[in-house]
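Please read the structure below before turning to the comments.
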Amino acid sequence: MRRSLFLASLLMAVGTAGHAACETGLAERMHAKLHADRALDHERAACQPWRGVNGRVIVVLPLPRSSSVPGFTQFDLDVLVVQLADNGNSERATIVSRLFESEALREYDVRIRAIKVDTSRYVLADGARAFGLRVLRQGASRLSPYSNETLSLYLPQGSKLAKVLDGVEVVLERGEWDANCAGSFETVRSNLSVARSTTHGYADLVLRQSHSETVSSAQGETCTTQERQSTFSSQTWRYDGSAYRAAKGSTPD
């Protein structure tokens, strides 16, 4: 039962996020304006109104690069903060802040299932509010199921975007089993929050993590699953003047 729930959770996480999020055509307009000579990965392109910031929309353009290796793909990412016209007309949208990231993502045996914009209130200082990008990945192996999610934070600085947090893993689900019963499964989930303390003018970040494991084995004709006691830890990330870095060590909660 535990194994079935684990595998189902991987599929559910992917299924709820794997959709094109740019129904207004804004991503296509930005793509035509900036990268008319390149292909756009429409499936993974993302658009999200910036909650609490009037008229602003965050647009992510994944641009696949050509490769001679079968099944291997690299993506450039163009991350944009766009201002819509007062009437909401996306055809008159203007780019406010932007960051082009060359070879930002890659996939081979682990597939990028979705890119999601996270508009939680990541207020790092007065007048400095960041937004997040979450990248969901999933492996193809049935015997070694794997899924993870990473979070990056972007901070507008005038016409530029600064990537102040780079790809912190916030979800990990993986396991190994014999396709019958015996196997082990691991789940790690993390929550990122903004602390009251500051370093170099920006708020510290706290990553709180839970870690759980299950082990299944055959007892005669019965498959028995044992759930080990979960562990909890936290880690502080501090701004070093250009980006957030993890402080050494983690603290059990």
Side-chain angles (χ1 to χ4, degrees), residues 14-67 72-107 111-124 127-138 149-168 170 242-244:
V14 169
T16 56
H19 65 281
C22 298
E23 298 175 355
T24 64
L26 181 58
E28 285 72 18
R29 292 188 181 95
M30 292 296 104
H31 170 251
K33 180 178 181 179
L34 299 170
H35 305 286
D37 60 337
R38 295 194 57 182
L40 172 67
D41 190 313
H42 295 269
E43 179 186 356
R44 299 177 180 91
C47 299
Q48 179 68 40
W50 196 345
R51 185 174 53 191
V53 184
N54 189 36
R56 296 282 169 93
V57 179
I58 299 159
V59 180
V60 184
L61 305 177
L63 307 168
R65 301 169 65 96
S66 59
S67 172
F72 176 79
T73 306
Q74 284 186 314
F75 296 86
D76 297 335
L77 279 189
D78 209 347
V79 185
L80 315 170
V81 177
V82 173
Q83 178 69 51
L84 300 181
D86 291 341
N87 62 2
N89 186 351
S90 63
E91 294 183 359
R92 297 173 56 193
T94 58
I95 299 171
V96 177
S97 302
R98 178 187 180 193
L99 176 63
F100 181 85
E101 300 180 77
S102 180
E103 301 180 6
L105 299 173
R106 64 180 60 189
E107 65 176 8
R111 176 175 166 77
I112 298 170
R113 299 298 299 180
I115 301 172
K116 303 191 325 183
V117 177
D118 179 355
T119 58
S120 302
R121 288 184 57 82
Y122 298 110
V123 179
L124 307 180
R129 178 180 174 183
F131 64 87
L133 284 189
R134 295 176 178 264
V135 179
L136 286 72
R137 300 172 176 86
Q138 186 180 29
E149 180 179 326
T150 57
L151 171 64
S152 298
L153 293 185
Y154 294 79
L155 179 66
Q157 295 178 338
S159 62
K160 297 182 179 180
L161 279 175
K163 191 176 188 178
V164 294
L165 184 69
D166 188 6
V168 173
V170 291
S242 61
Y244 279 89

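In this chain, numbering begins with 1 at the start of the sequence shown. Since the structure is predicted, the reported quantities are computational estimates derived from the model, not experimental observations.
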| field | Residues Glu103 and Arg65 bridged, charged N to O under 4.0 Å | value | yes
| task | Report the distance from atom CG of Leu61 to atom NZ of Lys33, rounding to the nearest 0.5 Å. | result | 12.0 Å
| remark: For Val59 and Ala27 the tightest heavy-atom approach is CG1-CA, 4.0 Å
| request: Provide the closest heavy-atom pair for Val170 versus Leu151 in the form atom of the first, atom of the second, distance. | output: CG1-CB, 4.0 Å
| said: Ignoring hydrogens, what is the shortest heavy-atom contact between Ala46 and Val117? Give both atom names and the distance. | reply: CB-CG2, 4.1 Å
| field | CA sep, side-chain torsions, deciding dist, call: His42, Glu28, side chain to side chain contact (heavy atoms under 4.5 Å, CB included) | value | CA-CA 8 Å; His42 295 269; Glu28 285 72 18; 3.0 Å; yes
| Would you call Leu63 and Leu77 a side-chain contact if the rule is heavy atoms closer than 4.5 Å? | no
| query | Closest heavy-atom contact between Val82 and Ala93? | reply | CG1-CB, 3.3 Å
| Val57 side chain near Leu26 side chain, heavy-atom distance below 4.5 Å | yes
| message | With rounding to the nearest 0.5 angstrom, report the OH to CG distance, Tyr154 to Asp118. | response | 12.5 Å
| message | Evaluate Leu124 against Val164 for side chain to side chain contact (heavy atoms under 4.5 Å, CB included), listing each step before the verdict. | response | CA-CA 10 Å; Leu124 307 180; Val164 294; 4.3 Å; yes
| Arg38 CZ: over 12 foreign heavy atoms closer than 6.0 Å | yes
| query | Does Ile95 reach the side chain of Gln83, with side-chain heavy atoms less than 4.5 Å apart? | reply | no
| What pair of heavy atoms forms the shortest contact from Trp50 to Pro156, and how long is it? | CH2-CG, 3.7 Å
| Heavy-atom side-chain contact between Arg129 and Val53 under 4.5 Å | yes
| field | From CG (Leu105) to CD (Gln74), nearest 0.5 Å | value | 9.5 Å
| task | Apply side chain to side chain contact (heavy atoms under 4.5 Å, CB included) to the pair Leu153 and Phe131, showing each step before the final yes or no. | result | CA-CA 6 Å; Leu153 293 185; Phe131 64 87; over 6 Å; no
| Distance-only polar pair, side chains of Gln138 and Arg111, donor-acceptor under 3.5 Å | no
| message | For a side chain to side chain contact (heavy atoms under 4.5 Å, CB included) check, start with the C-alpha distance between Ile112 and Leu136, then their side-chain angles and the critical distance, and finish with the verdict. | response | CA-CA 6 Å; Ile112 298 170; Leu136 286 72; over 6 Å; no
| request: Working to the nearest 0.5 Å, report the span between OG of Ser159 and CG of Leu99. | output: 11.0 Å
| Is a salt bridge present between Glu107 and Arg44, judged by a nitrogen-to-oxygen distance below 4.0 Å? | yes
| Full working for salt bridge (Lys or Arg N to Asp or Glu O under 4.0 Å) between Glu101 and Lys163 | CA-CA 10 Å; Glu101 300 180 77; Lys163 191 176 188 178; 2.8 Å; yes
| request: Locate the shortest heavy-atom distance separating Pro62 from Phe75; write the atom from each residue and the value. | output: CB-CD2, 4.2 Å
| Regarding Ser152 and Arg134, is there a side-chain donor-to-acceptor distance under 3.5 Å anywhere? | no
| field | Interatomic spacing from CD1 in Ile58 to CG in Leu80 - rounded to 0.5 Å | value | 10.5 Å
| field | CG on Asp78 to NE2 on His35, rounded to 0.5 Å | value | 3.5 Å
| message | Determine whether a donor-acceptor pair (N or O, by modelled atom type, separation under 3.5 Å) exists between the side chain of Ser97 and the backbone of Leu161. | response | no
